[in-house]
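This one's a predicted model, so the numbers in the text were calculated from it and none came from an experiment. To find a chain, count down the sequence lines: A is the first, B the second, and so on, and within it residues start at 1.
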Amino acid sequence: MAEERITDIGPPNYEQFLPPVIKKNYGKWDHHEILKPGVMVHVAESGDKLFTVRCGTPRLLAITSIRKFADIADKYCDGHLRWTSRNNVEFLLTDESKIEALIAEVEEYGFPIGGMGNCISNIVHTQGWVHCHSAASDASGTVKAVMDELMPHFQNMELPAKLRVAYACCLNMCGAVHCSDIAILGVHTRAPVIEHDDLPKMCEIPTLVASCPTGAIRPATVDGVQSVEIVDEQCMFCGNCYTVCPAVKINNAQTDGISIWVGGKVSNARVAPKFSKLAIPFIPNNPPRWPEVVDAVVKIINVYAENARKHERMGEWIDRIGWPKFFELTDIEFTKYHIDDFKHAGETYMRTAQLRH
Amino acid sequence: MAEERITDIGPPNYEQFLPPVIKKNYGKWDHHEILKPGVMVHVAESGDKLFTVRCGTPRLLAITSIRKFADIADKYCDGHLRWTSRNNVEFLLTDESKIEALIAEVEEYGFPIGGMGNCISNIVHTQGWVHCHSAASDASGTVKAVMDELMPHFQNMELPAKLRVAYACCLNMCGAVHCSDIAILGVHTRAPVIEHDDLPKMCEIPTLVASCPTGAIRPATVDGVQSVEIVDEQCMFCGNCYTVCPAVKINNAQTDGISIWVGGKVSNARVAPKFSKLAIPFIPNNPPRWPEVVDAVVKIINVYAENARKHERMGEWIDRIGWPKFFELTDIEFTKYHIDDFKHAGETYMRTAQLRH
Amino acid sequence: MTEMKYKTPLLDELEKGPWPSFVKEMKKEAHRPMVQDAIGQLERSYEEHISHWKHGGLVGVMGYGGGVIGRYSDLPEEFPEVAAFHTHRVNQPSAWFYTSEALRTLCDIWERHGSGLTNMHGSTGDIVFLGSTTEEIEPLFADLTKHGFDLGGSGSNMRTPSCCVGPARCEWACYDTLDACYNITQEFQDELHRPFFPYKYKFKFAGCPNDCVASIARSDCSVMGTWKDEIQVNQAAVLDYAKTVDIDAEICDLCPTRCVEWDGKTLEIDNSNCVKCMHCINVMPKALKPGKERGATILIGGKAPIIGGALLCSVFVPFLEMDKDSDYEDLKELTEAIWDLWGEHGKLRERVGEFIQRVGMSNFLEEIGLDPVPEMVMAPRSNPYIFFDDEIFE
Amino acid sequence: MTEMKYKTPLLDELEKGPWPSFVKEMKKEAHRPMVQDAIGQLERSYEEHISHWKHGGLVGVMGYGGGVIGRYSDLPEEFPEVAAFHTHRVNQPSAWFYTSEALRTLCDIWERHGSGLTNMHGSTGDIVFLGSTTEEIEPLFADLTKHGFDLGGSGSNMRTPSCCVGPARCEWACYDTLDACYNITQEFQDELHRPFFPYKYKFKFAGCPNDCVASIARSDCSVMGTWKDEIQVNQAAVLDYAKTVDIDAEICDLCPTRCVEWDGKTLEIDNSNCVKCMHCINVMPKALKPGKERGATILIGGKAPIIGGALLCSVFVPFLEMDKDSDYEDLKELTEAIWDLWGEHGKLRERVGEFIQRVGMSNFLEEIGLDPVPEMVMAPRSNPYIFFDDEIFE
Ligand code: SRM
Ligand code: SRM
Ligand code: SRM
Ligand code: SRM
Ligand code: SF4
Ligand code: SF4
Ligand code: SF4
Ligand code: SF4
Ligand code: SF4
Ligand code: SF4
Ligand code: SF4
Ligand code: SF4
């Protein structure tokens with residue numbers, strides 16, 4: 001007989017994973033200080049100190065690497081480590097003297113230390129061609145190519161403020177890129193192609209019709225098959241129809257590509273959270289290193305770094321200087337695509353004569 | 001034989017009505033100064049001076065009064081005067097010594113001097129029961145009742161900034177009240193009653209159905225007549241159906257009334273123009289002096305006057321202190337009606353944790 | 001005073017109080033039976049809390065589609081003198097300048113043909129003659145035109161343009177609002193008098209961003225004066241103001257882009273970041289003035305709530321020269337392009353602001369032949385629902 | 001290193017450069033045929049600029065509706081080892097704390113049943129096991145639960161909640177994010193594992209308004225720590241900061257309500273106007289701390305663009321006590337009320353944020369039984385299209 005099936009136990013209780021210094025000072029931390037890029041100390045009311053060494057990862061990790069991290073944690077941290085909300089590893093130590101050796105070993109293994117303070121941390125990203133069917137571009141590849149160039153900003157803290165880059169491979173935006181300082185977003189740019197023979201077998205037509213935000217999909221009989229047709233002019237390539245119906249193919253090797261968005265943020269610090277706004281509508285896919293995407297991101301960051309004031313996130317800086325100036329400084333062309341035309345478009349029009357001339 | 005019909009001549013050329021000092025210094029004014037409430041001087045580059053004395057009116061003027069103004073203008077202003085964009089009269093003089101006598105005569109005739117600088121100027125308003133079929137309340141009467149109380153603010157300049165009050169008797173908002181520091185707005189609160197017998201004679205059903213912003217109107221056959229029906233829950237009492245079809249009666253003696261809106265502005269000074277926002281959803285009509293409306297307006301103005309900083313318009317002040325504080329200070333209840341539910345409602349939700357607690 | 005036909009205890013209450021009374025005004029013309037009945041019916045409205053005017057009714061001047069608002073009493077038996085009580089919208093002179101003579105002419109005309117009651121002025125800007133009969137419409141019109149006046153707009157046409165006092169008296173006018181208003185009104189007489197648009201179209205001319213005619217809120221096309229170069233500063237006069245104005249708090253802190261600096265001696269303006277809001281100039285009119293390279297921002301699409309919700313105008317042309325000598329050709333061309341497009345594709349009762357939202361600003365611009373510029377939006381789109389064309393591959 | 005089955009010149013390019021390479025990571029597990037084929041197929045995608053995964057396919061654990069994402073190759077003949085290549089979402093411990101032992105346990109389990117490739121972590125927070133076959137789904141699950149782990153969410157259910165490091169390491173945590181996250185996850189195991197909602201529902205717990213888990217943008221329910229009373233100020237430490245921080249420019253000028261004053265000696269905060277943005281505290285962590293009366297703001301409705309456009313969460317309860325001892329009863333009650341209402345009336349694939357917009361916030365509140373408060377909106381409505389009830393006459 002099989003053992004009794006265990007279900008619904010939920011995740012393990014986090015308490016068992018906390019290092020003793022945390023258990024002791026839980027909720028009683030007094031302050032922290034970033035000692036140098038990637039290294040910070042938290043000081044408890046008790047005077048106890050907890051050192052954190054942060055290391056960048058590609059997020060996609062082999063268990064080989066994870067085991068190596070476990071070994072390192074055993075060696076320097078009594079086996080304690082955590083991951084951050086942006087896919088970095090944090091080694092947790094109480095013995096300050098072990099920090100340098102720890103860093104050396106992590107770097108030796110090929111992982112950089114940094115991502116703390118006013119810097120570029122890891123790029124939150126998604127599956128891309130590695131695992132998703134919807135991807136308009138690869139995630140891991142673009143991220144790698146971009147981060148190779150942004151490494152200095154990961155390893156130092158010389159930016160005006162934190163700069164969060166995120167990547168999502170389609171409009172589903174699993175990376176929730178919509179509130180990032182810089183968002184790189186895979187986009188489809190052609191209406192889906194319908195496989196009429198498969199459609200009736202695989203999909204419910206009413207659900208499919210209802211899935212389209214712009215009402216571009218209509219039931220239709222094609223070659224005697226009950227199927228749908230898509231009004232090309234009404235399609236804005238969101239891919240939602242594909243999500244609900246595999247027979248509606250949105251991926252297109254020729255016309256898929258990447259768009260770039262800027263000025264979003266999440267924190268409530270200083271100004272309210274903001275959505276990212278369109279900077280570059282379209283750059284064709286150019287694997288393996290997407291040089292045009294990398295250049296565009298680097299250019300925007302350089303202009304920002306040169307012009308923004310201390311503590312000013314990308315979006316705060318742009319709001320201060322105005323969007324016309326942003327386009328001027330970055331040499332990006334303002335096109336008809338930049339003007340919103342979705343439901344609340346009218347709310348984005350400039351309804352004041354307050355203008356720089 | 002009739003004379004030849006003259007048409008399309010347009011308005012008389014304004015040049016013939018300009019006083020000589022203006023003709024001479026047209027476009028060459030150097031600066032101005034408000035000498036006292038209702039009196040200002042404009043100094044030209046040439047050194048010439050033009051004095052303006054501003055006088056409040058009820059806008060609805062008898063030709064008797066207009067002739068009197070003409071006489072006064074002849075006596076003190078070489079026959080020159082103008083009206084302002086807020087229905088005040090401006091007497092235009094070059095001889096400073098005549099100002100006091102002019103003022104005395106105007107006041108003697110029953111018209112106040114003021115409405116300049118940081119004050120309450122005339123209430124821009126509309127027809128009301130005097131001439132319009134759509135009016136949910138009277139315009140001239142409410143305005144008179146309110147201005148009787150606000151007179152001191154018309155005659156002095158002790159407010160933090162300009163305060164523009166406007167009145168419109170229905171949602172058509174002919175007074176364009178939607179961008180006023182305080183807007184008083186007549187509202188219907190019940191769905192229109194349909195006169196099914198008249199409807200087919202008077203109205204085109206498709207136009208009528210299309211006129212409803214919320215799609216509350218449906219074609220229907222009632223007692224054998226081709227007519228329409230209104231889905232009560234979908235009606236928000238805009239009256240647009242009545243505008244296109246007289247057989248759909250929106251006026252209702254029992255349920256029409258007044259709402260109060262605050263914080264709008266038009267100028268681009270400091271902050272962009274703003275819409276007024278709902279303060280009090282409904283006050284029943286209480287002619288002849290609408291005491292509840294008057295009290296509400298006076299209360300809001302007093303709180304504003306006590307709390308706002310110099311140069312701060314109503315809306316700027318509220319934005320600084322936050323809406324919760326506005327409701328607290330004015331003792332106005334925040335209700336479900338205050339939360340928008342029209343097309344862009346979602347854009348008004350508070351999408352940040354930046355809150356005063 | 002004339003004896004009153006009806007007892008009006010409610011309206012009489014509104015003769016009291018310091019603000020000039022519209023009831024007194026009405027009574028001043030009560031020697032006309034029409035006004036007696038207007039007062040009587042109004043008292044009835046005060047008693048019953050409801051309007052006693054019936055809906056619309058098409059009346060008008062021969063050959064014109066607008067300018068007269070038909071109005072009929074719903075109690076014609078009780079108040080026969082106001083059975084018909086139409087208003088006439090008479091096109092005002094630019095910036096509402098009059099001579100006493102012109103006013104008397106208008107009063108005399110109105111005395112001959114109507115109630116003697118007016119609105120000075122209507123919300124759109126017209127001289128409003130309040131109440132006459134159907135029979136008087138043509139004679140009144142003839143009398144008006146004979147004396148150099150004409151009707152303004154109503155219905156689905158260009159409405160009576162209006163303008164601020166501008167260069168006639170204001171030191172801040174960045175273009176000649178009176179001339180522009182007059183010129184445009186004359187140019188488009190046909191469009192003013194003969195409704196052929198999907199809905200109304202209003203022009204308002206403001207000499208600077210203070211917008212003293214509320215153009216951004218109350219017109220379909222706001223022509224708002226502005227400038228390109230540097231604010232003119234008289235430092236000596238600034239020092240003078242410093243005695244009474246807290247320049248840091250009242251100016252520097254309130255400048256929307258914080259581009260004004262004051263060190264106690266000199267006022268420095270970073271003009272590249274000045275958004276021409278007027279505030280610093282407003283507070284120190286003797287010390288500061290708009291720049292010398294002047295023109296206007298053209299904004300379009302403002303309106304009241306009906307049907308799709310109220311709109312403020314939005315930027316259409318960030319900066320347009322408003323040279324008198326050019327006869328405002330650019331503005332006229334743009335206007336005609338807008339009217340053609342909206343005239344052809346606008347829905348019934350769809351204002352141009354709603355039309356632009358429906359078809360999309362980018363499509364609208366493309367059809368009009370204007371390039372999109374970032375000044376037109378507060379920010380680029382945040383939603384990724386982009387209608388891509390083939391040209392992205394170029 | 002293992003010999004590679006396919007030539008991958010394009011992917012090999014991504015082994016170069018300083019940032020750790022995902023290609024190297026994949027190759028580290030290339031001793032498994034499945035990984036060889038995953039690499040081969042990925043190279044093909046790089047050549048052809050297109051994904052070679054097929055759409056979805058329902059696979060899962062017996063009795064669960066979520067936690068496994070089915071994935072099939074569209075080139076199964078060429079890459080048979082990844083014909084099926086499903087991911088498993090394993091519910092992470094609160095705040096992603098591990099011991100080396102726990103990590104090794106996870107690695108061992110994954111080694112036994114799948115590719116050995118992971119995402120640490122998925123965007124929602126799960127440990128993502130990347131790639132196994134349909135046959136291994138049940139054995140993997142048994143192995144996981146035996147070792148104290150369980151699956152996270154996918155499909156139309158509650159998704160795996162996540163939280164910031166909070167009181168475990170951060171001095172600013174205004175409530176116990178780790179405990180709350182764990183408690184809610186355990187409470188709603190059924191809702192996590194068995195899809196019965198109109199669409200997904202995500203919880204994220206942030207200890208303060210810095211929102212280090214991006215809860216306001218990435219969850220349907222953001223529980224954001226905050227405080228009610230005064231910011232704790234250590235004036236001596238402020239003086240110390242004044243040596244390196246330009247307090248006027250870096251703090252006073254950047255405070256959103258400008259409620260911080262600095263006279264060179266003492267920092268004065270007008271706490272009644274502090275909106276708890278965290279900025280001043282962020283800049284001077286040794287000198288300033290959140291107040292002592294702590295709790296959380298509950299915001300709801302955040303989501304990515306599909307279908308109706310992206311939304312940030314909006315304020316639902318301005319301040320809620322987050323006392324551990326109360327077992328988060330209030331939050332649970334609110335959550336159940338939301339789920340009941342949305343569950344009954346939400347449309348298929350309509351997130352709660354979209355649902356609220358469709359039915360109207362006021363109606364939503366009325367059904368949930370919460371009173372409207374002005375903190376819920378940036379401003380009251382500006383359009384006059386009000387659905388009045390009879391109660392206005394009360
Ligand atoms: C470790 C981590 C939380 C976790 O549970 O994993 C964390 C930890 C800290 N955050 Fe954070 N934040 C973390 C993600 C975030 C995020 C979420 C994100 O990036 O997706 C945000 C919102 C970002 C945004 O607005 O777009 C975030 C916004 C902040 C802010 C506000 C920054 C701002 O000015 O807008 C602060 C305050 C500061 O740094 O001055 C802050 C401050 C801090 C402090 C100083 C808190 C403390 O006292 O310990 C921690 C170290 C700061 C640092 O890394 O520079 N943390 N922090 C996350 C590290 C991510 C990483 O690996 O890079
Ligand atoms: C006469 C008039 C123009 C006309 O052609 O008729 C006019 C004339 C002047 N306005 Fe105005 N404004 C006039 C309507 C307006 C309007 C329109 C309205 O009220 O409907 C506005 C926009 C109001 C709004 O924002 O809601 C307006 C916003 C301003 C402002 C900006 C005020 C602000 O801070 O927001 C100024 C600057 C100032 O006063 O400091 C200004 C300044 C001026 C100056 C000082 C201009 C000048 O140098 O001559 C004039 C005298 C000011 C005064 O009355 O205090 N004028 N002014 C209008 C008088 C109306 C009246 O009888 O009260
Ligand atoms: C007379 C006047 C009010 C006043 O007392 O001053 C007026 C009176 C009427 N307006 Fe108006 N509007 C008047 C200025 C306005 C303004 C203000 C402005 O022009 O600056 C507005 C708001 C700005 C705008 O255009 O959006 C305005 C927005 C409306 C609307 C709503 C339009 C919209 O798109 O939202 C309607 C409804 C309609 O057009 O059917 C309307 C309709 C009407 C009608 C014709 C009522 C109707 O449904 O038939 C009113 C006739 C009343 C009467 O008995 O005379 N009236 N109307 C104003 C014209 C006088 C003049 O020519 O000077
Ligand atoms: C694995 C993961 C991306 C990653 O690489 O980390 C992911 C992967 C997928 N997401 Fe996601 N989403 C993931 C986090 C998110 C997030 C971020 C978050 O939770 O913080 C979002 C944005 C926030 C939100 O919920 O709105 C997100 C918004 C979506 C959407 C759009 C939802 C919307 O309402 O706009 C879809 C479309 C759908 O649900 O049909 C989607 C759908 C999908 C599907 C299931 C694709 C599909 O249509 O079937 C992807 C499966 C990919 C694969 O092959 O494994 N995924 N998805 C993340 C889950 C891992 C985990 O459990 O930890
Ligand atoms: S963003 Fe799109 S393509 Fe990328 S993982 Fe999510 S659903 Fe898949
Ligand atoms: S891609 Fe989006 S817009 Fe185009 S048909 Fe599909 S659902 Fe509609
Ligand atoms: S606001 Fe309404 S009721 Fe008043 S005049 Fe205009 S249309 Fe008539
Ligand atoms: S009043 Fe407005 S909402 Fe009501 S039925 Fe008429 S048009 Fe529709
Ligand atoms: S809008 Fe400008 S130019 Fe015109 S009157 Fe007002 S302040 Fe003067
Ligand atoms: S006009 Fe306005 S924006 Fe320009 S400097 Fe003066 S206050 Fe600043
Ligand atoms: S959200 Fe606040 S409490 Fe949580 S880790 Fe970030 S700063 Fe600390
Ligand atoms: S937390 Fe933010 S709002 Fe509060 S005092 Fe500090 S900077 Fe100002």
With a 4.5 angstrom heavy-atom cut-off, is it the side chain or the backbone of D/L130 that approaches chain A, or both, or neither? side chain
Do A/N13 and D/Q186 have side-chain N/O donor and acceptor atoms under 3.5 Å apart? no
Side chains of D/S100 and A/D74 only: does a donor on one sit below 3.5 Å from an acceptor on the other? yes
Measuring only between side-chain heavy atoms, which start at C-beta, is D/P285 closer than 4.5 Å to A/E33? no
Given a strict heavy-atom distance threshold of 4.5 Å, which part of A/K310 is in contact with chain D: side chain, backbone, both, or neither? both
Option that, when pairs with chain D are counted at under 4.5 Å, heavy atom only, ranks first among A/E15, A/E45, A/K343: A/K343
Region of A/I9 that comes under 4.5 Å of a non-hydrogen atom in chain D: both
Taken to the nearest 0.5 Å, the spacing of D/R169 CZ from A/H42 NE2 works out to 5.0 Å
Would you check if there is a donor-acceptor pair between the side chains of D/H193 and A/D8 at a distance under 3.5 Å? yes
Proximity breakdown for D/S45 and chain A, heavy-atom pairs closer than 4.5 Å: both
Please tell me if the side chains of A/H32 and D/W172 come closer than 4.5 Å, counting only heavy atoms from C-beta onward. yes
Most heavy-atom pairs under 4.5 angstrom with chain D, which of A/T7, A/V124, A/D256, A/V21? A/T7
Between A/C132 and D/R71, the two heavy atoms sitting closest are SG-NH2, 3.7 Å
Identify which part of A/V271 has an atom lying under 4.5 Å from any heavy atom of chain D, answering side chain, backbone, both or neither. neither
Charged N to carboxylate O below 4.0 Å: is that the case for D/E25 and A/K144? no
Answer with side chain, backbone, both or neither: which region of A/H178 has an atom nearer than 4.5 Å to a non-hydrogen atom of chain D? side chain
For the student: nearest non-hydrogen atoms of A/F275 and D/L312, plus distance: CZ-N, 3.7 Å
D/T87 versus chain A, heavy atoms under 4.5 Å apart: side chain, backbone, both or neither? both
Is any NZ, NE, NH1 or NH2 atom of the basic residue among A/K265 and D/D211 found under 4.0 Å from an Asp or Glu carboxylate oxygen of the other? no
Against chain D, label A/F154 side chain, backbone, both or neither, depending on which of its atoms sit under 4.5 Å from a heavy atom there. side chain
By a 4.5 Å heavy-atom criterion (distance strictly below it), what part of A/L92 contacts chain D: side chain, backbone, both, or neither? side chain
Heavy-atom proximity to chain D below 4.5 Å, by part of A/N252: backbone
For D/R194, is it the side chain, the backbone, both, or neither that has a heavy atom closer than 4.5 Å to a heavy atom of chain A? side chain
Identify which part of A/M147 has an atom lying under 4.5 Å from any heavy atom of chain D, answering side chain, backbone, both or neither. both
Measure D/Y46 against the heavy atoms of chain A and call it side chain, backbone, both or neither at under 4.5 Å. both
Got D/E101 and A/Q16 here, is their nearest side-chain heavy-atom distance under 4.5 Å? no
Note: A/A269 and D/N210 closest approach over all heavy atoms is CB-OD1, 4.2 Å
D/A206 versus chain A, the contacting section by heavy-atom distance below 4.5 Å: neither
Does A/W29 reach the side chain of D/C170, with side-chain heavy atoms less than 4.5 Å apart? no
If you look at every heavy atom in A/S85 and D/C212, which pair is closest and at what distance? OG-O, 2.7 Å
Report which part of D/M278 has an atom under 4.5 Å of a heavy atom belonging to chain A: side chain, backbone, both, or neither. neither
Side chain, backbone, both or neither: which part of D/M224 has a heavy atom under 4.5 Å from chain A? side chain
For A/Y26, is it the side chain, the backbone, both or neither that has a heavy atom under 4.5 Å from a heavy atom of chain D? both
With a 4.5 angstrom heavy-atom cut-off, which part of A/S137 approaches chain D: side chain, backbone, both or neither? neither
